[in-house]
There are 2 protein chains.
Amino acid sequence: MSIQQRRERERAERERLIVTAARDLAEAEGWDAVTTRRLAAEIEYSQPVLYSHFKGKGAIMAAVAVQGCADLAVELRAARTAAKGTREALAAVGRAYADFARRRPALYDAMFTLATDLPFATSEAPAPLKEAFGELLAVVEPITADGEDTALLTETYWAGLHGLVTLMRSGRLPKRAHEERLALLIGHFAAGGE
Amino acid sequence: MSIQQRRERERAERERLIVTAARDLAEAEGWDAVTTRRLAAEIEYSQPVLYSHFKGKGAIMAAVAVQGCADLAVELRAARTAAKGTREALAAVGRAYADFARRRPALYDAMFTLATDLPFATSEAPAPLKEAFGELLAVVEPITADGEDTALLTETYWAGLHGLVTLMRSGRLPKRAHEERLALLIGHFAAGGE
DNA sequence: TCCTGTTGCTAGCAGTGCTAGAAATCGACG
DNA sequence: CGTCGATTTCTAGCACTGCTAGCAACAGGA
C-alpha cells in the first residue's frame with residue numbers, strides 16, 4: 001500500500017516537473033523550442049515517458065495554460081483589490097492583464113492564442129480559468145449599464161484587451177501608444193454604451 | 001526580348017497560381033494541410049520551384065495575407081458606403097469585419113493571427129493593408145470624441161473586433177451571443193469615452 | 001532463487017520545411 | 001541542322017518534428 005503510494009507520489013512529482021520544464025523552456029526560448037526531445041532531455045528522461053503522462057504535446061501545453069491561468073488570476077486579483085473605486089479597478093485589472101501578456105508572452109500564447117482542446121466556454125472549464133475570468137467579471141459588474149448583461153460585457157472587455165495585446169505583440173500594432181490605446185478601451189467601457 | 005518577356009509573364013502567372021493554390025487549400029482544409037509538398041503537387045511542379053518564387057512557406061502565406069487584405073478592404077468599403085449615418089456605418093463595418101473572419105477563417109488567420117514578417121505598423125506596409133485599415137479609420141473618424149486620436153481609437157476598435165473573432169473561433173468564447181457582444185462593443189465605442 | 005508485471009528505453013515511422021547538385025530543356029550560334 | 005551554354009526544373013537528401021511499437025531492465029512476491 002505504501003509502496004504504491006510512494007510510486008504515485010513520484011509519478012505526480014515527475015508530471016509537475018514536465019509541466020514546469022515546458023513552461024520554463026517556452027518562456028526562455030519560445031514554444032518553437034519546446035520539442036518533445038528537448039523536453040525529455042530537460043527532465044532527464046526519454047521521450048516516451050512524456051506520453052505516459054500526457055496524451056501529446058498539446059496536452060502538456062494545456063497543462064501549462066491552466067497553470068498560467070492561476071498565475072493570471074492571482075495578479076488580476078491583486079490589481080483589483082488594490083484599486084480604490086470601480087472605475088479604477090476596471091483600469092487596474094485591464095493594465096494588469098496587458099502587463100501579464102507583455103511579461104509572459106509564451107505563457108499567454110499557450111493560454112489564449114495557440115490552438116487548444118481545453119474546454120473554455122463551458123461549465124467543465126478548469127477552475128483556474130474560471131477564477132481568472134471571475135476577476136474580470138468582478139470589475140465589470142459595477143460598470144454594467146441598465147439592460148446590459150455583465151457576463152457578455154465582460155467577455156467583450158476581455159476581447160478588447162486580448163485584441164490589443166495580441167495585435168501589438170505580433171507587430172501589427174505599434175508598440176508605442178500602447179498605454180493610450182489601453183486607456184481608450186477602458187474609457188469607452190467605463191463610460192457605458194447606448 | 002519578346003522571349004524574355006514571355007518568360008517573365010509565365011513566371012508571374014505561376015506565382016499567382018502558387019498564391020491562389022495556397023489560399024484555396026488553406027480555406028478548404030486549413031493551414032496545417034498546406035505543406036510545401038502538397039502545394040507543389042497542386043500546381044503540378046516540384047517542391048523547389050516554390051523556393052524560386054518565395055523565400056519560404058512564410059512568404060507564401062504573407063502573399064496570401066496581402067491578397068486577403070484587399071478582399072477585406074472591398075467588403076468593408078461596401079458595408080461603409082451602404083450604411084446611412086455615422087453610427088450605422090461603424091456598426092456595419094464592424095459586422096462586416098466579423099463576418100469576413102467567420103466566413104474565411106484560414107484567410108483571416110494568415111492576415112492577423114499567424115506569425116508574419118509583414119510590415120504592418122510602418123509606412124512600408126503593403127497598400128491593400130493600408131486600404132483595409134483606412135476603411136476602419138473612415139467610420140471611426142466621425143465618432144471620435146474631443147481630445148481623442150482617431151488613429152489610436154481606430155486601432156483600439158480594431159483590436160476589439162479582432163479579440164472577439166479570435167477568441168470565439170478558438171472556442172474560448174461561446175458562439176452564441178456573438179451578435180450581442182458585437183453590439184456591446186459597437187455601442188461602447190459609438191457612445192464615446194471619458 | 002526464480003518468476004512476473006511494470007517501467008522506461010532504443011529504434012524507428014511518417015511527416016515537415018528546405019536545399020545541394022544532377023538532369024533536362026531551350027534559345028543562340030556556327 | 002547540330003552543337004554549345006545557360007537557365008530552369010527535378011531527384012534525392014538533410015535535419016528535424018510528434019509519436020509509437022517492441023524490447024530490456026528492474027522491481028516486488030513466492
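Because the structure is a prediction, the values reported are computed rather than measured. Numbered from 1 within each chain, the chains take letters A, B, ... in sequence-line order.
B/Val74 and B/Leu137 are assigned to two separate hydrophobic clusters, defined by single-linkage of ILVMFWY side chains at heavy-atom distances under 4.5 Å.
Between A/Arg11 and C/dT7 there is no side-chain N or O to OP1 or OP2 distance below 4.0 Å.
Heavy-atom contacts from other residues, nucleotides or ligands closer than 6.0 Å to NZ of B/Lys130 number more than 12.
Between A/Trp31 atom CH2 and D/dG18 atom C1' there is a gap of 15 Å when expressed in whole angstrom units. Rounded to whole angstrom, the span from the CD atom of A/Glu15 across to the P atom of C/dG8 amounts to 12 Å. One interatomic measurement links the two molecules: CD1 of A/Ile18 to P of D/dG18, which rounds to 14 Å at whole-angstrom precision. Straight-line distance from the CE atom of A/Met61 to the C1' atom of D/dT17: 14 Å, rounded to whole Å.
Residues from residues 35-57 of chain B placing a heavy atom under 4.0 Å of any atom in DNA chain C, listed by number, are B/Thr35, B/Thr36, B/Arg37, B/Gln47, B/Pro48, B/Tyr51, B/Gly56, B/Lys57.
Of the N and O atoms on the side chains of A/Thr35 and A/Arg37, not one donor lies less than 3.5 Å from an acceptor on the other residue.
The closest donor-acceptor contact from the side chain of A/Ser52 to the backbone of A/Pro48 lies at 3.5 Å or more, if one exists at all.
Contact check on B/Arg103 versus B/Asp99 returns a salt bridge, with a Lys/Arg side-chain nitrogen under 4.0 Å from an Asp/Glu carboxylate oxygen.
Pairs of residues two or more places apart, or lying in two chains, that qualify as ring-ring contact (aromatic ring centres under 6.0 Å, His included) and include a residue from residues 102-122 of chain A are A/Tyr97-A/Tyr108, A/Tyr108-A/Phe112, A/Tyr108-A/His162, A/Phe112-A/Trp158.
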